[in-house]
Chemist: 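The structure's right below; bear with me while I get my questions together.
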Amino acid sequence: MTAGQRRRYEMFLKVRDFFAVHAADFPAGSIAATIFAPLLPIIDQIAQIAGEQISTRGTYSQAMQIKRDARDRLHVMLRKISDLATALGFEINGLEEKFRMPVNRSDQNLIAAGRAFAADAAAFEDEFIGYGMSATFIADLTAATDAFEQSLVPANVAGQEKRGKTAAIAPLITDGMNIVRRLTPVVELKYSNDAGNLAAWEAARHVERTLPQTKPTAPPNT
């Protein structure tokens, strides 16, 4: 649920409570009660999806953390190999060119670099080990590349599910807003001579707005 969706959902709750308090003024069968009735299942549906979204958010956060950890491990290994290749380049002309870090470090580019580094390092395995790399560094690099590639699937799926829940709420918010818009002139007419209840309705249908954050102003130089 986005911040905007949450604010509107909270408004729906206030409208629901307003009608509960003023039920005697809007009896069953009245036009206001008829318009208001579909708002209740909308509120229930939003609450259900929001609950599911909390679970989805946890899955998404976990999947993203696994992806970040796998990406970091691969990046560190690639950087070590690239740095050592630069040092070895003083002995093996042009070696550093084979092991340059990709400029665009997208997920797929890092995976491609992992595959390329592992393949190209085989011919210089002894030299890399002589400069301090682990005897299993090629196998370790291949494993790190595989792990990172495998981490992309659950992260992508969890992200899609998270976005899907937000998208499922959107039409419900639209329907709820339309109900409140239809109710407003009816309620305002009912309470046209009742300032207290009219103010209560205005408060109920008000959507809170989040003010944009402003950067603190630096104190003037003295």
Side-chain angles (χ1 to χ4, degrees), residues 1-69 71 107 151-219:
M1 189 184 300
T2 66
Q5 288 175 338
R6 180 166 298 281
R7 291 195 297 271
R8 284 160 178 78
Y9 172 66
E10 291 170 351
M11 182 268 282
F12 297 162
L13 297 179
K14 291 188 296 181
V15 169
R16 178 198 63 186
D17 295 344
F18 175 89
F19 268 81
V21 171
H22 298 84
D25 292 335
F26 306 104
S30 67
I31 187 64
T34 301
I35 296 172
F36 167 73
L39 185 62
L40 294 178
I42 287 174
I43 290 172
D44 290 343
Q45 290 176 66
I46 293 174
Q48 179 179 347
I49 295 172
E52 294 169 353
Q53 196 172 40
I54 291 174
S55 175
T56 300
R57 188 181 302 122
T59 302
Y60 174 74
S61 297
Q62 181 183 29
M64 288 303 295
Q65 186 61 56
I66 292 172
K67 175 185 172 180
R68 282 192 293 269
D69 291 345
R71 181 187 171 93
D107 294 344
S151 76
L152 300 184
V153 175
N156 290 338
V157 170
Q160 290 165 3
E161 290 179 354
K162 179 172 176 286
R163 289 189 293 273
K165 298 297 182 184
T166 299
I169 290 175
L172 296 171
I173 295 293
T174 298
D175 291 345
M177 292 300 295
N178 287 335
I179 289 171
V180 175
R181 292 188 185 101
R182 290 182 64 198
L183 281 171
T184 296
V186 178
V187 176
E188 288 178 346
L189 180 61
K190 175 70 176 180
Y191 294 130
S192 56
N193 295 317
D194 187 335
N197 281 328
L198 190 59
W201 169 249
E202 290 301 320
R205 74 183 188 94
H206 175 70
V207 177
E208 297 293 337
R209 297 186 180 278
T210 301
L211 296 177
Q213 295 183 348
T214 57
K215 294 182 180 180
T217 304

Chemist: Give me each pair satisfying salt bridge (charged side-chain N to carboxylate O under 4.0 Å, His left out) with a member in residues 40-51, each pair once, sequence neighbours excluded.
Modeler: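 The answer is none; no pair qualifies.
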Chemist: Excluding sequence neighbours, so at least two apart, what forms salt bridge (Lys or Arg N to Asp or Glu O under 4.0 Å) with Lys14?
Modeler: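 If we apply the salt bridge (Lys or Arg N to Asp or Glu O under 4.0 Å) test to Lys14, skipping adjacent residues, there are no hits.
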Chemist: Show the nearest heavy-atom pair for residues Tyr9 and Ile173, with the distance to one decimal.
Modeler: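 That would be N-CD1, 4.3 Å.
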Chemist: Taking all atoms of both residues into account, what is the closest heavy-atom pair of Leu39 and Ile179, and its distance?
Modeler: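 Closest approach of Leu39 to Ile179, heavy atoms only: N-CD1, 3.7 Å.
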Chemist: Using side-chain hydrogen bond (donor to acceptor under 3.5 Å, both in side chains) as the criterion, list what pairs up with Arg181, not counting sequence neighbours.
Modeler: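 Counting only residues at least two positions away or on another chain, Arg181 forms a side-chain hydrogen bond (donor to acceptor under 3.5 Å, both in side chains) with Asn178.
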Chemist: To the nearest 0.5 angstrom, please state how far the CD atom of Gln48 sits from the CD atom of Gln45.
Modeler: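 Interatomic distance, Gln48 CD to Gln45 CD, rounded to 0.5 Å: 8.0 Å.
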Chemist: Can you name the residues that form a side-chain hydrogen bond (donor to acceptor under 3.5 Å, both in side chains) with Tyr191, not counting sequence neighbours?
Modeler: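 Tyr191: side-chain hydrogen bond (donor to acceptor under 3.5 Å, both in side chains) contacts with Asp25.
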Chemist: Output all residues satisfying salt bridge (Lys or Arg N to Asp or Glu O under 4.0 Å) with Lys190, sequence neighbours left out; order by chain, then residue number.
Modeler: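 Expected list: none.
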Chemist: If you look at every heavy atom in Ser61 and Arg68, which pair is closest and at what distance?
Modeler: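 Closest pair (atom of Ser61, atom of Arg68, distance): O-NH2, 4.4 Å.
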Chemist: If you take all heavy atoms of Ala168 and Ile49, which pair is closest and at what distance?
Modeler: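 Of all heavy-atom pairs spanning Ala168 and Ile49, the closest is CB-CD1, 4.0 Å.
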Chemist: Please, which pairs that meet salt bridge (charged side-chain N to carboxylate O under 4.0 Å, His left out) have at least one residue in residues 164-173, sequence neighbours excluded?
Modeler: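 Qualifying pairs: Glu52-Lys165.
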Chemist: State which residues pass side-chain contact (heavy atoms from CB on, under 4.5 Å) with Gln62; sequence neighbours excluded, sorted by chain then number.
Modeler: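 For Gln62, the residues satisfying side-chain contact (heavy atoms from CB on, under 4.5 Å) (neighbours in sequence not counted) are Ile66.
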Chemist: Please enumerate all residues that pass side-chain hydrogen bond (donor to acceptor under 3.5 Å, both in side chains) together with Arg71, with sequence neighbours excluded.
Modeler: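 Result, side-chain hydrogen bond (donor to acceptor under 3.5 Å, both in side chains) vs Arg71: Asp107.
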Chemist: Run the side-chain donor-acceptor check on residues 15-22: report pairs under 3.5 Å with partners two or more places apart or on a different chain.
Modeler:
from, atom 1, to, atom 2, distance (Å)
His22, ND1, Phe18, O, 2.8
His22, NE2, Asn197, OD1, 2.9

Chemist: Could you tell me whether Arg182 atom CZ has more than 12 heavy atoms of other residues or ligands within 6.0 Å of it?
Modeler: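 Open: at most 12 neighbouring heavy atoms sit under 6.0 Å from CZ of Arg182.
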Chemist: Using side-chain contact (heavy atoms from CB on, under 4.5 Å) as the criterion, list what pairs up with Ser30, not counting sequence neighbours.
Modeler: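 Once residues adjacent in sequence are excluded, the partners of Ser30 under the side-chain contact (heavy atoms from CB on, under 4.5 Å) criterion are Phe26, Pro27, Ala32, Ala33.
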Chemist: Only counting residues at least two apart or in another chain, list the ones meeting salt bridge (Lys or Arg N to Asp or Glu O under 4.0 Å) with Arg205.
Modeler: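 In terms of salt bridge (Lys or Arg N to Asp or Glu O under 4.0 Å), with neighbours along the sequence ignored, Arg205 is linked to Glu188, Glu202.
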Chemist: For Glu10, enumerate each residue passing the salt bridge (Lys or Arg N to Asp or Glu O under 4.0 Å) test, keeping only those at least two apart in sequence or located in another chain.
Modeler: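 By the salt bridge (Lys or Arg N to Asp or Glu O under 4.0 Å) rule, Glu10 matches no residue at all.
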Chemist: Within the distance-only criterion (no hydrogens, no angle test), does the side chain of Arg7 pair as donor or acceptor with the backbone N or O of Val207 below 3.5 angstrom?
Modeler: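 Checked: no pair found.
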